[in-house]
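Written below as structure tokens is the structure these notes are about.
Everything quoted here is computed from the prediction, not taken from an experiment. Order of listing sets the numbers, starting from 1, for every ligand and every atom in it.
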Amino acid sequence: MSYKYDHRLLADEMEIYFFDDQIGAGLPVWLPNGVVIRDELEIFMKRLEKKAGYQRVVSPHLAKEDLYQRSGHLRAFREDMYPPMKWPEDNSNYYLKPMNCPHHHKVFSSSPRSYRHLPLRIAEYGQVYRYENSGSLRGLSRVRGLCQNDAHIYIDPKDAASEINQVLDLHEHCYAVLGLKGYRYRLSLHDPERKADFDGPSDLWNQSEEILRECLIKKGLPFFEAIGEAAFYGPKIDVQMKMGGSDEESIASIQLDFNSGGKFDLSYVSVSGQSQNPWVIHRAPLGSHERFVALLLEYFDGQLPGWLCPVQAYILPIGEEQRAYAKQLSADLEAHHIRSIVDQNSGSLSKRVLFAHRLRPFAKIVIGPKEVASGQLVLEKRQEKIKLLASDLIPRLKEMILMP
Ligand SMILES: [Zn+2]
């Protein structure tokens, strides 16, 4: 196991999450530093999604058996679902939701819809539960409870290509801003030899697969095709990336679903006044918080971009005489929304610097008698040392940690 690329070791030092036997395998508890990363990613995505016309909803973590009968999850996805809960006062089984889609379909049908409402983009950072077998659990990258950067877009089938293009643009933008490289697209198709695993008629499978293929070709995005990797309700474009030097995994996927509209009796009034089933695009550019944070930790070897760092400034007073100055500096930074902490450890400075490194702060500032007397500081930003006046610290740091 390579230390450098294992998010479990990095996260342990950076105090991101933990597991506990009494809570359950694969059910991470996020610590304050981990929640900072989640929150920043959510703010980032919510801002982009608002601009792209998404509306946000919140749905419960469980639902009755009927819902998953109708969606087909109990047939095609049962092995990955937690066993049902039966409540004495209720004659139905309840399941923890393995996906947010059925709940979002209910949002669509909660109000009469016409072509004027489409595309209807419904987004949620939605918590789901999947009963992964214990052998495949791995830190945050494979868990049993996860929160997805989810959305479902309800479209007139004729708009599928243009909406898929917009969704692809959103993915490309996110990864470019985050500085992620080395991913590739996989066009995941149905397998005509395994008809029972893929709902719906062959012509719709072929038509929807061709739409995705053309979008990728026209955009000039390199991709490869994989037969049998489609979702049971439609073909998809997966974003494939290596994690921690291991095999390639899907970090996100864009699915074109021509089945759920009919299954859920979703309808809208078309331009010609007829009732039609919409198609649905399922998408999650940042996948789940769990897998995406694991990916970011491994990709950046813990040295996250400034805006995502749980600790943006780690202040080290050399002696007790500088502690008051360091505390005041930290309070000033916090007042300007820069996350900072003052070192509380004792021992030699070099030992304390090593300890600080565990948290992978964006910057370190050592405060000795010289700094206090001169008002000149040295900002150690990763490998770079920047000399500046104390009065320039806040504006300079703010620039460096700005959310892109
Ligand atoms: Zn979905």
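Taking the six-membered ring for Trp, Phe108 and Tyr154 have ring centres closer than 6.0 Å. Taking the six-membered ring for Trp and the full ring otherwise, Phe258 and Trp205 have centroids separated by under 6.0 Å.
Note that Arg144 lies in the cation-pi zone of Tyr131, set by a 6.0 Å cut-off to the ring centre and a 45° limit from the axis.
Within His152, the N, O or S atom at minimum distance from the Zn ion (ligand 1) carries the name NE2. In His282, the N, O or S atom that comes nearest to the Zn ion (ligand 1) is ND1.
For Glu163 and Arg121, the salt-bridge test passes: some basic side-chain N is under 4.0 Å from an acidic carboxylate O.
In summary, His104 places no N/O/S atom under 2.8 Å from the Zn ion (ligand 1), failing the contact criterion.
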